[in-house]
Amino acid sequence: MGSRARARRAAAMLGFLGLLCAVLGAVMIVMVPTLIKQQVLKNVRIDPSSLSFNMWKEIPVPFYLSVYFFDVVNPSAVLLGEKPQVRERGPYVYREFRHKSNITFNDNDTVSFLEYRSFQFQPDRSHGLESDYIVMPNILVLGAAMMMENKPMSLKLIMTLAFSTLGERAFMNRTVGEIMWGYEDPLVHLVNKYLPNMFPFKGKFGLFAELNNSNSGLFTVFTGVKDFSRIHLVDKWNGLSKVKYWHSDQCNMINGTSGQMWAPFMTPETSLEFYSPEACRSMNLVYKETGVFEGIPTYRFVAPSTLFANGSIYPPNEGFCPCLESGIQNISTCRFNAPLFLSHPHFYNADPMLAEAVLGLHPNPEEHSLFLDVHPVTGIPMNCSVKLQLSLYVKAIKGIGQTGKIEPVVLPLMWFEESGAMEGEPLQTFYTQLVLVPSVLHYAQYVLVGLGCVLLFIPIIHQIRSQEKCYLFWSSSKKGSKDKEAIQAYSESLMTSAPKGSVLQEARL
């Protein structure tokens with residue numbers, strides 16, 4: 001009897017434990033998603049107490065700027081009206097360092113900051129040196145010539161004379177370092193002397209001269225502390241709610257974020273919108289597919305085919321015109337009126353006429369499309385590759401001898417890729433706290449429910465088996481009593497004397 005009592009107590013304890021596990025698992029199923037959401041909301045907002053604040057302030061991801069130049073192989077032939085031929089050179093890779101300063105929290109749930117960037121050449125990652133020479137269009141000469149197209153002939157002749165005196169030509173042979181970070185040009189000094197407001201730069205001229213050791217403007221963005229629905233969205237840039245470069249209110253709007261973080265809890269219907277000071281406009285990327293980066297689930301966002309489409313193909317882009325072929329955007333209004341165009345590298349996703357007009361271009365999606373891989377739960381980018389091309393529209397201008405007989409063409413100057421991927425300790429911390437722990441909790445809740453159900457069955461099975469044993473004992477006891485009664489009746493019959501007739505009958509036999 002003692003062993004039976006102990007078994008009953010053990011079964012009862014296991015059943016109680018199973019009930020606790022099942023209840024705890026059920027509570028976790030209800031509460032864990034809410035708790036995870038609260039933790040994400042707490043840690044992605046721009047607040048000194050949040051987990052992502054230091055990541056936002058001092059980006060731990062190593063960014064690299066890879067630059068490819070289009071070396072013009074036949075400059076003399078181009079001046080005679082032949083089709084230009086280019087040869088891609090590079091990449092010339094620079095490590096990009098970013099940090100925020102002048103961080104000021106405002107009363108209206110926003111924060112203002114300046115983000116500074118600096119670049120450091122990486123010879124081991126590059127295919128060439130900054131001392132390499134590149135033949136490319138002289139942006140100052142050809143740009144100035146285009147701006148003089150509709151001016152009086154007398155002014156054009158004066159400009160031709162000035163170019164000749166200063167030794168300026170339509171094509172130049174400069175080093176990578178000079179093209180990137182600036183070179184002394186007598187034309188710049190002359191223009192700044194007599195037309196001081198024509199160029200936005202003083203001294204040296206270079207394609208990236210204004211980006212090195214400088215900031216991208218004063219951003220004011222929403223922190224999400226008081227109103228989470230507007231987290232990371234840009235409130236103002238340089239004090240402006242919209243820019244004045246374009247010809248429609250829609251194109252001038254400053255939409256989206258500053259391009260570093262987005263709102264969490266994304267879906268495939270979510271789009272990535274951000275304002276780019278370099279492009280002078282807001283851009284929008286669309287969802288393409290799900291993926292995994294170093295064990296972290298991601299959404300991949302890419303540029304839609306309409307990003308640089310002209311107004312005839314995509315009417316909302318009409319405000320960016322005057323336009324040429326579709327697939328390139330005229331950015332002259334925000335680049336000192338020089339006929340510069342922005343596009344995907346090698347005119348990928350653009351009108352085929354553009355690539356056909358220049359020998360040596362080979363657009364393909366694998367090498368020339370851009371993407372951002374974002375963790376959908378937090379809105380934090382894990383891996384990115386943004387690729388853009390800068391081109392110059394050139395043609396012969398009557399009255400300016402330096403332009404020769406150049407046929408109208410959009411001539412690519414260079415394309416660049418800004419890339420970065422989370423790695424090292426930041427990646428491990430991110431994975432542990434925002435992927436591994438939630439995953440463990442997610443599976444633990446169902447394990448607890450399953451274990452609880454199994455343990456709950458133990459006392460039930462024990463009770464059933466106990467009842468079966470009692471029934472068998474009762475049945476065997478009942479059957480034994482009947483047998484005893486039969487034996488006793490038989491014995492009594494033998495001891496009773498038989499009738500006389502029966503004895504005589506047996507005797508006769």
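FYI, the numbering just counts along the sequence from 1.
Atom OG of residue S326 and atom CG of residue N310 lie 4.0 Å apart, to the nearest 0.5 angstrom. Note that the CZ atom of R117 and the OG atom of S216 stand 5.5 Å from one another [nearest 0.5 Å]. To the nearest 0.5 Å, atoms CE (M253) and CD (E273) are separated by 8.0 Å. For the atom pair N102 CG and F219 CZ, the distance stands at 14.5 Å (nearest 0.5 Å). Note that the CZ atom of R87 and the CZ atom of F69 stand 13.5 Å from one another [nearest 0.5 Å]. The distance from the CD atom of Q120 to the CG atom of L65 is 13.0 Å, given to the nearest 0.5 Å.
Looking only at side-chain heavy atoms (C-beta outward), K204 and E178 stay at 4.5 Å or farther from each other. You'll find the side chain of V111 reaches within 4.5 Å of the side chain of I103, heavy atoms only. The shortest side-chain heavy-atom distance between F416 and S66 does not fall under the 4.5 Å cut-off. Using a 4.5 Å cut-off on side-chain heavy atoms (C-beta onward), N106 and S112 make contact. Considering only heavy atoms from C-beta on, V176 stays 4.5 Å or farther from V67 through its side chain. No side-chain heavy atom of N383 sits less than 4.5 Å from a side-chain heavy atom of T298. The shortest distance between side-chain heavy atoms of V377 and P264 does not fall below 4.5 Å. Contact of the E115 side chain with the I59 side chain is registered, since non-hydrogen atoms from C-beta on lie closer than 4.5 Å.
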Steps toward side chain to side chain contact (heavy atoms under 4.5 Å, CB included) verdict (N284, F274): CA-CA 7 Å; N284 192 45; F274 60 96; over 6 Å; no
Test log, rule side-chain hydrogen bond (donor to acceptor under 3.5 Å, both in side chains), inputs K242 and Q250: CA-CA 9 Å; K242 63 179 182 179; Q250 182 177 354; over 6 Å; no
Evaluation steps, side chain to side chain contact (heavy atoms under 4.5 Å, CB included), between V86 and L361: CA-CA 8 Å; V86 296; L361 299 182; 3.9 Å; yes
Full working for side chain to side chain contact (heavy atoms under 4.5 Å, CB included) between L207 and M414: CA-CA 10 Å; L207 293 178; M414 48 84 74; 3.9 Å; yes
Full working for side chain to side chain contact (heavy atoms under 4.5 Å, CB included) between I328 and L342: CA-CA 6 Å; I328 57 175; L342 201 63; over 6 Å; no
Intermediate values then yes/no, side-chain hydrogen bond (donor to acceptor under 3.5 Å, both in side chains), D109 and T223: CA-CA 6 Å; D109 197 28; T223 65; 2.6 Å; yes
Audit row: E417, R125, salt bridge (Lys or Arg N to Asp or Glu O under 4.0 Å) steps and yes/no: CA-CA 13 Å; E417 173 191 16; R125 290 175 172 263; over 6 Å; no
Under 3.5 Å, which donor-acceptor pairs do the side chains of residues 401-413 form with other protein atoms, sequence neighbours left out?
| from | atom 1 | to | atom 2 | distance (Å) |
| --- | --- | --- | --- | --- |
| Q402 | NE2 | T160 | O | 3.3 |
| Q402 | NE2 | S164 | OG | 3.1 |
| T403 | OG1 | I397 | N | 2.9 |
| T403 | OG1 | I397 | O | 3.4 |
| T403 | OG1 | I400 | O | 2.7 |

What pairs of donor and acceptor atoms, side-chain ones from residues 181-188 against any protein atom, are under 3.5 angstrom apart with sequence neighbours left out?
| from | atom 1 | to | atom 2 | distance (Å) |
| --- | --- | --- | --- | --- |
| W181 | NE1 | E130 | OE2 | 3.1 |
| E184 | OE1 | H189 | NE2 | 2.9 |
| D185 | OD1 | L187 | N | 2.8 |

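In this structure, G311 and E318 approach most closely via the heavy-atom pair CA-OE1, 3.2 Å. F119 approaches N212 most closely through the heavy-atom pair N-OD1, 3.0 Å. Across F53 and D47, no two heavy atoms sit closer than the pair CB-O, 3.1 Å. Across every non-hydrogen atom of W246 and C280, the tightest pair is NE1-O, 2.9 Å. Minimum interatomic distance between H247 and C321 (heavy atoms only, all atoms of both residues): CD2-O, 2.7 Å. The heavy-atom pair separating G295 from P297 by the smallest distance is O-CD, 3.8 Å.
Taking a 6.0 Å sphere around CG of N364, one finds it holds more than 12 heavy atoms contributed by other residues, nucleotides or ligands. More than 12 heavy atoms of other residues, nucleotides or ligands shown are found within 6.0 angstrom of NZ on K156. The environment of NZ in K100 is crowded: more than 12 heavy-atom neighbours from other residues, nucleotides or ligands sit within 6.0 Å. For H362, the NE2 atom sits in a loose shell: 12 or fewer heavy atoms of surrounding residues, nucleotides or ligands are nearer than 6.0 Å. Heavy atoms of other residues, nucleotides or ligands lying less than 6.0 angstrom from NZ of K42 number 12 at most.
Applying the salt bridge (charged side-chain N to carboxylate O under 4.0 Å, His left out) definition to pairs two or more places apart or across chains, those involving residues 372-401 are E149-K395, R300-D373.
A salt bridge links R98 to E418: at least one charged side-chain nitrogen sits closer than 4.0 Å to a carboxylate oxygen.
Checked against the 6.0 Å centroid threshold, H368 and W415 count as a close aromatic pair. Centroid-to-centroid, the aromatic rings of F70 and H346 come within less than 6.0 Å.
By the 6.0 Å and 45° rule, R95 stacks over the aromatic ring of Y64. Because its NZ or CZ atom is both nearer than 6.0 Å to the ring centre of F222 and within 45° of the ring axis, R230 counts as a cation-pi partner of that residue.
Using cut-offs of 30° and 60° for the angle between ring planes, the F341 and Y393 rings count as perpendicular.
Under the 3.5 Å distance criterion, with hydrogens and angles disregarded, no donor-acceptor pair is assigned to the side chains of D71 and Y133.
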